[in-house]
Amino acid sequence: MIKINKKVLFIGRANDIYSNQIISILRKRFKFLEIFLCKNKKCKPNKKILNWKGDIIFSFRSFFILNQNFINKAKVCAINFHPGPPSYRGIGCVNFALLNNEKSYGCTAHLIDKKIDSGKILNYKIFKISKNSSVDQVLQKTYKIQVKQANNIVEKLIKKDFMVKELYENKKWSKKLHTRKGLNDLYKIDININKFDLQKKIRATKTRKFKPFISLFGYKFILK
């Protein structure tokens, strides 16, 4: 397989098998690859990354938010792999999708611009989810599909001689943007909630790492 003479920067998540799989894809196809992996939101790029200039930026599960100056460092394009369909923008998309009892979910590859999840859509995939699917199950399926999506985007870029406009899809983002505040509020359980809504909220928020909770008289009771 021929390696392409392009300078690529991959921004992903540390200790993440899916980030590593995308890195393997990029290593096979590009001669020059820089990698920046974040462990958490406090992670900051070193001087080498900050001074990077090249052709393409790929962002996947990254804690590092790219500003316009950084986006401009990529001569061809900067691409983000969003773990949600175009109908769900922002953060906690899978949580809100399950809360809304969606029968399908998806992921979106798009150009990065100064607004959150608003750049031109290059590719999106939709898959069915069952009424019993958990947050963790849907996310795992999403990430697996995103790895295939990344490979697809890379091959299309090469085939189209990096004419990014050739990849644009006629699909629009939702106007609604889910925020961190909205996600935090979703995890709070009202003590007067009915059983049906409680079951919906638990399904939409309970993961291996995070749990919904009740706040009462200064105490926080977390679902186990």
Side-chain angles (χ1 to χ4, degrees), residues 4 6-12 18-19 21-22 25-26 28-30 54-62 64-130 133 135 138-180 182-183:
I4 308 301
K6 294 286 185 185
K7 292 183 179 179
V8 172
L9 171 63
F10 176 75
I11 303 173
Y18 303 106
S19 290
Q21 287 173 15
I22 295 177
I25 291 168
L26 298 177
K28 289 177 182 177
R29 297 305 267 144
F30 297 103
D55 299 294
I56 307 170
I57 298 172
F58 291 102
S59 177
F60 172 75
R61 300 197 70 200
S62 173
F64 179 54
I65 305 300
L66 280 65
N67 59 33
Q68 192 60 52
N69 287 336
F70 202 96
I71 295 168
N72 293 340
K73 291 174 179 287
K75 290 185 291 186
V76 175
C77 62
I79 297 173
N80 180 55
F81 295 96
H82 172 64
S87 54
Y88 280 88
R89 294 172 57 218
I91 191 170
C93 297
V94 65
N95 305 94
F96 291 106
L98 292 184
L99 185 72
N100 294 335
N101 288 321
E102 298 284 6
K103 294 181 180 179
S104 63
Y105 195 63
C107 50
T108 311
H110 65 95
L111 297 183
I112 305 173
D113 61 19
K114 59 184 179 181
K115 292 182 180 180
I116 297 173
D117 298 335
S118 63
K120 289 285 187 180
I121 293 173
L122 306 179
N123 181 267
Y124 67 99
K125 299 292 184 183
I126 303 296
F127 57 87
K128 292 182 180 180
I129 54 177
S130 74
S133 296
V135 174
V138 176
L139 281 177
Q140 291 303 311
K141 188 168 184 177
T142 302
Y143 299 148
K144 288 178 181 178
I145 292 175
Q146 284 184 296
V147 172
K148 295 179 181 178
Q149 187 179 48
N151 186 68
N152 178 266
I153 290 291
V154 167
E155 294 306 316
K156 279 189 174 182
L157 279 171
I158 294 170
K159 185 178 180 180
K160 299 293 184 180
D161 197 26
F162 299 94
M163 298 293 291
V164 183
K165 289 183 178 181
E166 295 291 322
L167 275 65
Y168 289 177
E169 294 215 12
N170 186 26
K171 184 70 176 178
K172 302 295 183 182
W173 288 101
S174 167
K175 292 182 179 179
K176 184 172 183 179
L177 177 68
H178 293 287
T179 64
R180 171 64 66 182
L183 182 59

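For Asn151, there are no side chain to side chain donor-acceptor pair (under 3.5 Å) partners at least two apart in sequence or on another chain. When the ring pair (Phe, Tyr, Trp, His ring centres under 6.0 Å) test is applied to Tyr18, the partners found at least two apart in sequence or on another chain are Tyr143. Considering only residues two or more places apart in sequence or on other chains, Phe58 meets the ring pair (Phe, Tyr, Trp, His ring centres under 6.0 Å) condition with none of them. Taking Gln21 as the reference, nothing meets the side chain to side chain donor-acceptor pair (under 3.5 Å) condition, with sequence neighbours excluded. For the side chain to side chain donor-acceptor pair (under 3.5 Å) test, no residue two or more places apart in sequence or in another chain qualifies with Ser87. Under the rule for a ring pair (Phe, Tyr, Trp, His ring centres under 6.0 Å), Tyr124 has no partner lying at least two apart in sequence or in another chain. Take Ser133 and apply the side chain to side chain donor-acceptor pair (under 3.5 Å) test, not counting sequence neighbours, and it matches Ser130. Evaluation of the side-chain contact (heavy atoms from CB on, under 4.5 Å) rule for Lys148 yields no partner, not counting sequence neighbours.
Going from atom CG of Asn123 over to atom CD1 of Ile79 covers 10.0 Å, rounded to the nearest 0.5 Å. In this structure, the separation between CD1 on Ile22 and CZ on Phe60 is 4.5 Å, given to the nearest 0.5 Å. Ile71 CD1 to Lys114 NZ: the interatomic distance, rounded to the nearest 0.5 Å, is 10.0 Å. Note that the CD1 atom of Ile57 and the CG atom of Asn72 stand 9.0 Å from one another [nearest 0.5 Å]. Between atom CD of residue Glu155 and atom CD1 of residue Ile158 there is a gap of 4.5 Å, rounded to the nearest 0.5 Å.
Around atom CD1 of Ile4, more than 12 heavy atoms belonging to other residues, nucleotides or ligands sit under 6.0 Å away. The environment of NZ in Lys120 is sparse: at most 12 heavy-atom neighbours from other residues, nucleotides or ligands sit within 6.0 Å.
Contact check for Leu26 versus Val154: side-chain heavy atoms found under the 4.5 Å cut-off. With a 4.5 Å cut-off on side-chain heavy atoms, Arg61 and Pro83 do not count as touching. At least one side-chain heavy atom of Ser19 sits under 4.5 Å from a side-chain heavy atom of Phe10. Side chains of Cys93 and His82 form a contact here, defined as non-hydrogen atoms less than 4.5 Å apart.
Pairs passing the salt bridge (Lys or Arg N to Asp or Glu O under 4.0 Å) check and including a residue from residues 75-99, sequence neighbours excluded, read Asp55-Lys75. For residues 156-174, there are no salt bridge (Lys or Arg N to Asp or Glu O under 4.0 Å) pairs, not counting sequence neighbours. Under the ring-ring contact (aromatic ring centres under 6.0 Å, His included) criterion, the residue pairs touching residues 97-116 are His110-Trp173, with sequence neighbours excluded. Within the structure, the salt bridge (Lys or Arg N to Asp or Glu O under 4.0 Å) test picks out no pair touching residues 78-87 (sequence neighbours left out).
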Would you please test Ile56 and Leu157 for side chain to side chain contact (heavy atoms under 4.5 Å, CB included) and show each step?
CA-CA 10 Å; Ile56 307 170; Leu157 279 171; 4.3 Å; yes
Using the side chain to side chain contact (heavy atoms under 4.5 Å, CB included) rule, take Thr142 and Val94 through it: C-alpha gap first, then chi angles, then the decisive distance, then the call.
CA-CA 10 Å; Thr142 302; Val94 65; 5.9 Å; no
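Tyr88 pairs with exactly one of Asn95, Leu177, Asn100 by the side chain to side chain contact (heavy atoms under 4.5 Å, CB included) rule, that one being Asn100. Considering Asn80, Leu122, Ile121 in turn, Leu122 is the only one that fulfils the side chain to side chain contact (heavy atoms under 4.5 Å, CB included) rule with Leu111.
In terms of heavy-atom proximity, Ile145 sits nearest to Phe127 at CD1-CD2, 3.3 Å. Among all heavy-atom pairs drawn from Ile116 and Gly90, the shortest one is CG2-CA, 4.3 Å. Nearest heavy atom pair, residue Ser118 against residue Lys115, reads OG-CB, 3.0 Å. Nearest approach of Gln146 to Cys107, heavy atoms of both residues: CG-CB, 3.6 Å. Between Ile112 and Ser59 the shortest heavy-atom distance is CD1-CB, 4.1 Å. Heavy atoms only, all atoms of each residue included: Ile129 and Ser104 are closest at CG1-N, 3.7 Å.
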